[in-house]
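In what follows, every heavy atom counts, from backbone to side chain, and hydrogens, waters and symmetry copies are set aside. Just so it is clear, the structure is predicted and the values come from calculations on it, not from any experiment.
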Amino acid sequence: MYDFEYHKPGAIDDAVKALGADAEAKALAGGMTFIPVLKQRLAKPSAVVDLAGLGLTGIRREGNALVIKAMTTHREVAMSSEVASAIPALATLAGNIGDRQVRYRGTIGGSLANNDPSACYPSAVLALGATIVTSRRRIAAADYFQGMFTTALEPDELITEVSFPIPEKAAYAKFPNPASRYAMVGVFVAKTAEGARVAVTGAGNDGVFRHAAMEAALDQSFTADALKDVTTPESLMNGDIHAGTAYRAHLVGVMARRAVMACK
Amino acid sequence: MAQINLTVNGKAAHAEVESRTLLVELLRDHLHLTGTHVGCDTSQCGACVVSVDGKSVKSCTMLAVQAEGAQVITIEGLAAADGTLHPMQEMFREHHGLQCGFCTPGMVMSGIDLVESHPDGLTEQQIREGLEGNICRCTGYHNIVKAIAAAWPLMHDKQMPQAAE
Ligand SMILES: Cc1cc2nc3c(=O)[nH]c(=O)nc-3n(C[C@H](O)[C@H](O)[C@H](O)COP(=O)(O)OP(=O)(O)OC[C@H]3O[C@@H](n4cnc5c(N)ncnc54)[C@H](O)[C@@H]3O)c2cc1C
Ligand code: FES
Ligand code: FES
């Protein structure tokens, strides 16, 4: 690992300033992605700005939305009674990310800032039409994700919290990679005020995406059966050593039907 | 260089480290506590698991500077001063929960976290899922699962509830 300067500011403004003043500075949340990247020398930041001192943890209900602050860990989301009563699918999703040790440290903000194409949270954010609240603005989910590892965030912009509109019902089904636990295919299905929503992670060759054909079918009838004849174009799929494009396209259908059946 | 102060196994510890020093490097190279192992560079094997402020963490995926002021417990901190093993260690011995022993420090630390965070009972399924972050290339896990289940009544000083078995 290359060496860097370590800062642990106590206020969001100071963290933003530290990132703005130095183009090579990077934020550190739970470190579950960033530290492995540093260890492999895939990044060489001049400074690391630890977000742990900013008071960015907590979960609250705000009208018809569930608001989760950026530094809230996967474990906290999984164990929260607030989450379990408002959006149980989100608690299940968080409780199946990686392993126990990853969940004790990894955060929702870090996962969304990273936008790994096989990460779990992006599918929930996109399907539920959540809003990413940052140090300077509010970004709609549809504008936030911009392809693999790419988001609308500026280098000196921090996610502070995420606001999820509470759906009628929802579920997440994931086929984990047996070694890494990341989603080989993950599908988040929700019945929202705007209609059915299906977001797919792990499978797409350009990151998380909404499955319009499945949404249309579920708007007709919100049942697993309605998805029986809906196919997923192989040309949209990612193929790698873990699974080819045809296999992933097939898994998208299987996971989507399981998610519909698990909706609550 | 950063000066850091923390508590390791109940004793105050101080070290001067680079910002890039990992917690596991602090433990092994600076404090000479080599019981905590490093088995991978992808944060997947769990040989490095220690307890930081009561949470089970992979010390290979945390910077030493992030542990400033923390209470850290490693495998060396489990046995009593007179050498009496922690019930989890004793049950690993009793149930032959190790072969080469490389994964064992992490397994024992994860096992303790699992038992402590399930005061109402712990099923075999929960133990197996709870060990997803710990890889063992020798045992096939079966005896590790048995050892953790056997440590539960000893650590909670009561019988495992029927429903949880
Ligand atoms: C073994 C293993 C298994 C895993 N399995 C899964 C899985 O099954 N599903 C899954 O979804 N994920 C998985 N992960 C990833 C895990 O969820 C990480 O916690 C997450 O991707 C990154 O969050 P973090 O808090 O650790 O962020 P960090 O690693 O600290 O940061 C990641 C990136 O985000 C930036 N960043 C962090 N916080 C903010 C913020 N608030 N605002 C702006 N930028 C920010 C950082 O600068 C960095 O570039 C796994 C990780 C490991 C090691
Ligand atoms: S050394 Fe493998 S997870 Fe830490
Ligand atoms: S006993 Fe050898 S790796 Fe587990």
For the student: nearest non-hydrogen atoms of R248(A) and G202(A), plus distance
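Result for this residue pair: NE-O, 3.2 Å.
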For each of M32(A), M1(A), K8(A), R75(A), tally heavy-atom pairs with chain B at distances under 4.5 Å, and name the one with the top tally.
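Sorted descending by pairs with chain B, the first entry is M1(A).
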Select one option (side chain, backbone, both, neither) describing which atoms of [X] are under 4.5 Å from chain A's heavy atoms.
| X | value |
| --- | --- |
| V57(B) | both |
| I135(B) | neither |
| L131(B) | neither |
| Q66(B) | both |
| D113(B) | both |

Just so I know, are the side chains of [X] and [Y] near enough to count as touching, which here means a heavy-atom distance under 4.5 Å?
| X | Y | result |
| --- | --- | --- |
| V133(A) | I159(A) | no |
| C45(B) | N134(B) | no |
| T73(A) | R105(A) | no |

Which atoms of [X] approach chain B - backbone, side chain, both or neither, heavy atom under 4.5 Å:
| X | value |
| --- | --- |
| Q40(A) | side chain |
| Y2(A) | backbone |
| L28(A) | side chain |
| D50(A) | side chain |

Between the side chains of N115(A) and T151(A), does any donor sit under 3.5 Å from an acceptor?
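Side-chain D/A pair, N115(A) to T151(A): absent.
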Between the side chains of R100(A) and H74(A), is a donor N or O closer than 3.5 angstrom to an acceptor N or O?
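There is no such pair between these side chains.
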Carboxylate-amine/guanidinium proximity below 4.0 Å for E82(A) and R60(A)
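Salt bridge absent between E82(A) and R60(A).
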Does K17(A) come within less than 4.0 Å of D156(A), counting only side-chain N to carboxylate O?
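Answer for the salt bridge query: no.
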Among G46(B), G133(B), S56(B), single out the residue with the greatest number of heavy-atom pairs under 4.5 Å to chain A.
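Answer, by heavy-atom pair count under 4.5 Å with chain A: S56(B).
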